[in-house]
Amino acid sequence: MVDFINELNENQREAVVNTEGPTLVIAGAGSGKTRVLTYRIANLLSKGVPAYRILALTFTNKAAREMQKRIATLVGQGNAANLWMGTFHSIFSKILRVEAEHLGYTSNFTIYDSQDSKNLIKSIVKDLKLDDKVYKPNDVLGRISMAKNNLVVAQAYAQSAKITSADQAAKKPMISEIYKYYQARCKQSDVMDFDDLLLQTNILFRDFPEILEKYQKKFDYILVDEYQDTNYSQYLIIKRLAEQHKNICVVGDDAQSIYSFRGARIENILNFRNDYPGYKLCKLEQNYRSTTTIVDAANSIISRNKEQIPKKTFSQNEEGDKIRVMKALSDKEEGFQVAQEIFRISQNEQAEFNNFAILYRTNAQSRIMEEALRKRNIPYKIYGGLSFYQRKEIKDLIAYLRLTINQNDEEALKRIINYPRRGIGDTTIDKLKEVAQKYNVSIWTLLCNLNKVPGMVSVMTAAKLTHFRQLIEGFTEIAKEENAYETTYRVAKASGIIEDLSSDDTPEGVSRRENIQELMNAVKDFCETAYKEGRDDKLPAFLEGVALLTDQDSEKPEDNNKVTLMTIHSAKGLEFENVFIVGMEEELFPAQQSAYSPSALEEERRLFYVALTRAEKRVIMTYSTSRYKNGNVVYPQPSRFIAEIDPHYLDGFFTPARPSMGRSLHGPGIQEKVARPNITLQPKVEVPDIDTSKLVPINGEQIIPGMVIFHPNFGPGKVISIDGLGVNKKAKVMFPKHGQKVLLLKFAKLYVQGHTN
DNA sequence: CGCTATATCCTTTTT
DNA sequence: GGATATAGCG
Ligand SMILES: Nc1ncnc2c1ncn2[C@@H]1O[C@H](COP(=O)(O)OP(=O)(O)OP(=O)(O)O)[C@@H](O)[C@H]1O
């Protein structure tokens with residue numbers, strides 16, 4: 001039996017025990033929402049609900065795995081194994097495989113990742129003879145994605161006056177056309193992109209009521225984590241599935257909604273009460289994760305947002321350290337300082353490296369941190385960047401496998417038709433594309449009918465093309481008979497990939513070979529587990545999930561004691577003892593693009609809230625006064641977010657009054673309630689004996705008893721005594737307003753009155 | 001056709 | 001700084 005008494009507080013228990021009907025758990029960070037979800041599922045299982053009748057949606061595959069593991073320890077492995085638990089994308093891609101035929105796809109449809117989608121858009125832009133400067137793949141995909149996430153199909157897109165006039169205004173009137181072709185080409189290639197997985201599920205449920213009913217009956221209980229970051233498409237899937245029994249439990253925190261760029265709607269969680277009248281509301285107010293300092297500081301930040309549900313959150317943990325702010329003069333120094341601090345803390349407190357995380361706003365910041373950690377021999381693991389399955393050699397091999405299963409997969413074909421080199425050049429490929437377009441068939445179909453288009457290519461080229469076709473056909477035959485591992489192995493060999501890589505003895509070449517080997521191992525692993533569990537071990541079954549894997553999913557056992565480097569976005573839902581938030585600078589965090597939009601700025605602030613609340617014990621923020629950005633040096637100002645934290649919780653941040661304010665980011669029309677454009681704090685206390693405009697920084701070494709110094713938070717004070725040596729040198733200081741404090745001079749930013757000439 | 005050297009663009013955040 | 005597009009040579 002699950003121990004609800006000791007592991008849950010009263011409110012949590014309430015939400016775990018009352019399993020029927022709609023339930024909304026809305027609560028601040030670290031308050032045990034995910035725990036509620038986990039125990040609720042465990043409770044359902046222990047009450048005898050079959051696992052396969054429970055649908056649980058998480059934000060990442062990793063979150064799903066961890067929840068599954070946790071549930072397994074509560075109720076036993078056998079019980080938890082058959083849960084329908086995963087991301088929206090992975091769960092509904094499985095359902096779509098079963099139902100694909102109803103929608104005109106095959107069950108082996110390929111999933112395009114964003115790179116594939118962008119390449120397809122690029123080629124359409126070219127076909128339509130549009131300016132690729134105007135129609136940038138990223139932008140166009142963004143528009144299409146946004147449309148799909150709001151269930152706007154190509155036709156509706158073209159008919160929507162609102163959308164088309166927006167495109168017109170942006171001088172990109174042809175996006176609607178591109179969308180149309182994009183969708184047609186996907187369909188022709190038996191391809192769905194990420195957003196299709198949700199959009200097509202909606203179409204399926206809309207157009208085939210009997211199928212919807214089947215799944216409504218299949219899933220007796222539906223649970224959704226991180227509900228604040230669901231988009232309209234996801235929202236509607238859930239609403240449809242829960243329509244009959246309304247056994248739906250969603251948990252979330254509007255203050256942690258950080259995926260609006262992906263179409264997430266905070267309204268989904270705000271409107272739950274309207275969608276499910278008679279719902280039970282569960283509020284959790286105690287934060288079990290963080291120190292009171294962190295919780296209070298995070299609350300003081302988020303309260304500056306206008307758009308929010310007011311929530312109480314308190315912590316009964318110890319007060320903990322103040323949030324430290326470190327300033328660096330360059331991005332390199334910032335990295336050095338962070339590495340130094342991690343090293344120092346790990347020594348002082350015997351802390352393992354896996355208790356540290358370095359969080360940043362953009363992936364580009366990771367490199368500097370990596371270098372600094374490497375120099376100090378601190379082990380680290382990095383998330384984000386390109387995942388294992390996005391490496392060149394892996395994508396190449398996967399492309400062969402994809403083409404083996406789905407010959408109409410144009411992006412895969414284009415990728416490998418001439419890799420390894422087989423003398424099929426750009427001219428030939430362009431010609432093939434052109435003719436295929438003309439006859440409205442896939443390139444593969446064209447390859448199968450070369451004789452019907454005489455004179456298209458030379459006899460020599462035709463022979464090469466035919467040879468390529470036969471190669472793939474051979475693979476397809478193998479794939480029918482053999483398991484995924486055998487097939488992959490033979491494809492890697494016969495395609496020439498292995499040979500091509502074996503001739504390369506540079507370190508990169510060696511690492512490529514290792515990667516291929518690693519993929520082989522993964523496939524082997526897949527086959528072995530599949531065989532043991534009596535599941536399908538053929539290639540299509542392996543390939544199904546590959547496009548949806550991220551690098552969080554290829555974690556290795558040896559990674560377990562390393563410092564974690566990731567973006568704040570990917571840190572959502574995680575927790576670490578010590579968190580470094582680096583790059584706390586204007587134009588970086590908040591992102592430059594957000595500066596002029598109040599709502600975007602609020603989202604940045606929520607992101608900051610997420611970052612702070614990942615920490616259990618300690619937060620250290622860093623900023624640099626110079627940094628490389630796109631190859632150029634920029635000189636950023638400290639982030640406004642630092643100054644938005646009540647200084648009471650901060651240690652080491654103060655900017656003396658500058659003669660002139662930094663340039664304001666706010667035009668006269670935009671008013672913002674609390675956020676100050678720049679950090680020009682006027683000292684709050686009037687001090688007769690210190691002229692604050694003439695303060696100069698002072699090095700810890702130079703401080704001696706009797707000195708009058710100025711502290712950013714505590715104002716002026718008199719040094720009473722000094723003790724400790726080197727990095728441990730401390731000063732006892734009497735502050736008239738705050739009493740006596742002991743300051744670690746290494747980190748305290750102190751100022752003295754400058755000499756006036 | 002294939003390879004290499006040089007120019008150009010970009011950059012939030014992710015399933 | 002890094003990925004990608006293009007030019008130019010062998
Ligand atoms: N009743 C409880 N007693 C003790 N610890 C708890 C309790 N509930 C949750 N915790 C712990 O608090 C931490 C945060 O819990 P959880 O991750 O479930 O919170 P959350 O609300 O999902 O957080 P976030 O929204 O920040 O992702 C975890 O370490 C969890 O083990």
Closer to the 5' end of DNA chain B via nearest nucleotide, is it Asn61(A) or Leu588(A)?
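That would be Leu588(A).
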
Test side-chain contact (heavy atoms from CB on, under 4.5 Å) on Asp113(A) and Lys395(A); report intermediate values, then the result.
CA-CA 11 Å; Asp113(A) 65 19; Lys395(A) 285 201 87 169; 3.3 Å; yes

Would you say [N] has OP1 or OP2 under 4.0 Å from some side-chain N or O of [X]?
{"X": "Asn630(A)", "N": "dT8(B)", "result": "no"}
{"X": "Asn363(A)", "N": "dT14(B)", "result": "yes"}
{"X": "Lys629(A)", "N": "dT11(B)", "result": "no"}
{"X": "Asn632(A)", "N": "dG1(C)", "result": "no"}
{"X": "Ser114(A)", "N": "dT14(B)", "result": "no"}
{"X": "Ser594(A)", "N": "dT12(B)", "result": "no"}

Could you verify whether a donor N or O on one side chain and an acceptor N or O on the other, from [X] and [Y], lie under 3.5 Å apart?
{"X": "Ser123(A)", "Y": "Arg185(A)", "answer": "yes"}
{"X": "Tyr179(A)", "Y": "Arg143(A)", "answer": "no"}
{"X": "Ser458(A)", "Y": "Thr461(A)", "answer": "yes"}
{"X": "Glu585(A)", "Y": "Ser639(A)", "answer": "no"}

For each nucleotide in nucleotides 4-10 of chain C, reading 5' to 3', give B when a protein heavy atom comes within less than 4.0 Å of its base, S when such contact involves only the sugar-phosphate, and - otherwise.
-S-----

Roughly, in whole Å, what's the span from [atom1] in [X] to [atom2] in [N]?
{"X": "Arg361(A)", "N": "dT11(B)", "atom1": "CZ", "atom2": "P", "value": "14 Å"}
{"X": "Arg391(A)", "N": "dA3(C)", "atom1": "CZ", "atom2": "P", "value": "13 Å"}
{"X": "Leu141(A)", "N": "dT15(B)", "atom1": "CG", "atom2": "C1'", "value": "12 Å"}

Under 3.5 Å, is there a donor-acceptor pair between the side chain of Glu604(A) and the main chain of Ala591(A)?
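Checking the backbone N and O of Ala591(A) against the side chain of Glu604(A), a donor-acceptor pair under 3.5 Å is found.
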
Mind checking whether Phe261(A) and His569(A) have ring centres under 6.0 Å apart?
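Yes, close enough.
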
For residues Tyr259(A) and Phe59(A), establish whether the separation of their ring centroids is below 6.0 Å.
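Ring centroids of Tyr259(A) and Phe59(A) are less than 6.0 Å from each other.
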
Which of these, Asp196(A), Asn202(A), Asn231(A), Asp195(A), sits in a side-chain hydrogen bond (donor to acceptor under 3.5 Å, both in side chains) with Lys148(A)?
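Of Asp196(A), Asn202(A), Asn231(A), Asp195(A), side-chain hydrogen bond (donor to acceptor under 3.5 Å, both in side chains) with Lys148(A) is met by Asp196(A) alone.
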
Tell me what Asn138(A) touches on the nucleic acid: a base, only sugar-phosphate, or nothing, going by heavy atoms under 4.0 Å.
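Here Asn138(A) touches the backbone only, sparing every base.
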
With heavy atoms under 4.0 Å as the rule, sort Asn418(A) into base, sugar-phosphate or nothing.
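The residue Asn418(A) makes sugar-phosphate contact but no base contact.
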
Given [options], which nucleotide is nearest the side-chain atoms of [X]?
{"X": "Arg367(A)", "options": "dG1(C), dT12(B), dG2(B)", "value": "dG1(C)"}
{"X": "Thr427(A)", "options": "dT13(B), dC1(B), dG2(B)", "value": "dC1(B)"}
{"X": "Thr87(A)", "options": "dT14(B), dC9(B), dT15(B)", "value": "dT15(B)"}

Which ones in residues 250-264 of chain A lie close to DNA chain B, meaning a heavy atom under 4.0 Å from one of its atoms?
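Contacting residues: Tyr259(A), Phe261(A), Arg262(A).
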
Assign the ring pair Phe608(A) / Phe589(A) to parallel, tilted or perpendicular, where the plane angle (0 to 90°) is split at 30° and 60°.
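Rings of Phe608(A) and Phe589(A): perpendicular, over 60°.
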
dT4(C) and dT13(B): how far apart are their P atoms, nearest whole angstrom?
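About 15 Å, rounded to a whole number of Å.
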
